[in-house]
Enquirer: 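Structure incoming, see below.
Residue indices begin at 1 and follow the sequence shown.
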Amino acid sequence: MEADDLADVLTAVGPRLRTLRRERGITLTGLSETTGISASTLSRLESGRRRPTLELLLPLARAHGVQLDELVGAPMTGDPRVHMRPFVRHGQTFVPLTRHLGGLRAYKQIMPPGPYAHERPEQRAHEGYEWLYLLSGRLRIVLGEHDFMLAAGEAVEFDTRVPHGFGNPGPEPAEFLSLCGLQGERVHVRARPARRDSEPPEH
């Protein structure tokens, strides 16, 4: 790798680290506690004011559950397979289905049963779009003023600037695929309350 190429790779590490941390919903303080790296050093890494080293990147890769080459944007080796390394966040298991950080991200998520048959999931809002496809189990979706259940084989898509939350109301784990990203493309099935049988489907 030429010097200019190496400089470009190292320059891109900071934004990758920031994107990954924010996608995981982790604060600098929380990541510092997990990795043993000071919050100030983590901040300098993300802003590009600290040169990334193997000593710093290895614990970060372990904390985020990704491979080292994903953090540094290493060139493709010719193997198109995604080597999935599950990680757990907020009690859910996430299985990454895409290789690169930034842009549109795909996951398989496994959500354990919760109290959401009677309790409304907590809502939050942020930039972007999200798409979910439920593989098994049930998922309660609260989107703005709408509150409905998603069954296996159904999909939902929504603008994440609308306050939203979801939880598993059933006795079994809920497994679903999710696509999300700040500028994620729309994936054709819009979020809306389940229609009544007497209502015609929308086209």
Side-chain angles (χ1 to χ4, degrees), residues 16 19-27 30 61 63-67 70 80-197 199 201-203:
R16 287 175 181 272
T19 296
L20 185 57
R21 179 177 60 79
R22 290 177 175 175
E23 285 182 347
R24 301 290 197 268
I26 306 171
T27 64
H64 290 311
V66 300
Q67 297 187 35
E70 186 174 4
R81 292 173 296 177
V82 178
H83 301 285
M84 300 176 291
R85 297 185 61 183
F87 60 91
V88 177
R89 290 289 182 275
H90 309 299
Q92 292 186 60
T93 299
F94 291 74
V95 183
L97 301 177
T98 48
R99 185 191 303 269
H100 298 294
L101 298 175
L104 196 63
R105 300 287 291 166
Y107 298 95
K108 177 182 178 181
Q109 293 178 229
I110 304 171
M111 179 182 290
Y116 300 109
H118 305 290
E119 296 182 16
R120 285 171 62 91
E122 181 181 354
Q123 292 178 279
R124 62 191 181 97
H126 53 86
E127 290 291 329
Y129 280 89
E130 188 160 353
W131 174 86
L132 303 177
Y133 177 80
L134 191 59
L135 298 169
S136 63
R138 300 170 66 204
L139 206 58
R140 182 177 179 182
I141 308 287
V142 178
L143 181 65
E145 298 178 354
H146 301 304
D147 187 339
F148 56 97
M149 295 291 183
L150 203 66
E154 292 186 320
V156 62
E157 177 218 5
F158 53 90
D159 185 329
T160 55
R161 290 173 295 183
V162 177
H164 60 280
F166 48 92
N168 180 2
E172 304 293 335
E175 298 189 15
F176 54 97
L177 303 177
S178 67
L179 294 176
C180 56
L182 294 179
Q183 302 298 329
E185 294 181 2
R186 300 190 176 196
V187 196
H188 308 311
V189 182
R190 292 189 177 279
R192 58 181 179 270
R195 65 182 178 85
R196 298 172 182 172
D197 292 340
E199 295 177 350
E202 296 180 7
H203 297 286

Enquirer: Could you work out, with salt bridge (charged side-chain N to carboxylate O under 4.0 Å, His left out) as the rule, every residue matching R21, not counting sequence neighbours?
Expert: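 With neighbours one apart ignored, the set is E46.
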
Enquirer: What's the separation between atom CD1 in I141 and atom NE2 in H146, rounded to the nearest 0.5 Å?
Expert: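 So the CD1 of I141 and the NE2 of H146 are separated by 13.0 Å.
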
Enquirer: Is there a donor-acceptor pair closer than 3.5 Å between any side-chain N or O of R140 and the backbone N or O of P169?
Expert: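 Flag not set: sc R140 to bb P169 has no pair under 3.5 Å.
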
Enquirer: Passes side chain to side chain contact (heavy atoms under 4.5 Å, CB included), L150 versus F176? Steps please.
Expert: CA-CA 11 Å; L150 203 66; F176 54 97; over 6 Å; no

Enquirer: Assess whether side chain to side chain contact (heavy atoms under 4.5 Å, CB included) is satisfied between E154 and F148, documenting all intermediate values.
Expert: CA-CA 12 Å; E154 292 186 320; F148 56 97; over 6 Å; no

Enquirer: So which heavy atom on S136 is nearest to which on A152, and how close?
Expert: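 In terms of heavy atoms, the two residues are closest at CA-CB, 4.0 Å.
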
Enquirer: Which pair of non-hydrogen atoms, one from L134 and one from A174, has the smallest distance, and what is that distance?
Expert: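 For L134 versus A174, the nearest heavy atoms are CD1-CB, 4.3 Å.
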
Enquirer: Taking the six-membered ring for Trp, are Y107 and F94 parallel (under 30°), tilted (30 to 60°) or perpendicular (over 60°)?
Expert: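 Perpendicular.
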
Enquirer: Which pair of heavy atoms, one from R161 and one from A125, lies closest together, and at what distance?
Expert: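 That would be O-CB, 3.5 Å.
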
Enquirer: Closest heavy-atom contact between P173 and I110?
Expert: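 Heavy atoms only, the tightest pair is CB-CG2, 4.2 Å.
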
Enquirer: Would you give the length of the straight line joining atom CG of N168 to atom CG of L139, rounded to the nearest 0.5 angstrom?
Expert: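 If I round to the nearest 0.5 Å, the distance is 7.0 Å.
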
Enquirer: Just jot down the side-chain hydrogen bond (donor to acceptor under 3.5 Å, both in side chains) partners of R138, sequence neighbours excluded, or say none.
Expert: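 side-chain hydrogen bond (donor to acceptor under 3.5 Å, both in side chains) check on R138 returns nothing, list empty.
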
Enquirer: Does L97 reach the side chain of K108, with side-chain heavy atoms less than 4.5 Å apart?
Expert: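 Yes, close enough: below the 4.5 Å cut-off.
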
Enquirer: For the residue pair L143 and V156, establish whether any side-chain heavy-atom pair is separated by less than 4.5 Å.
Expert: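 Result no, sub-4.5 Å side-chain heavy-atom pair not found.
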
Enquirer: Give the table of side-chain donor-acceptor pairs shorter than 3.5 Å for residues 117-124, with sequence neighbours excluded, one pair per line with atom names and distance.
Expert:
residue : atom : partner : partner atom : Å
R120    : NH1  : D147    : OD2          : 3.3
Q123    : NE2  : G144    : O            : 3.4
Q123    : NE2  : P163    : O            : 3.1

Enquirer: Which heavy-atom pair separates L179 from A106 by the least distance, and what is that distance?
Expert: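 Closest heavy-atom pair between L179 and A106: CD2-CB, 3.3 Å.
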
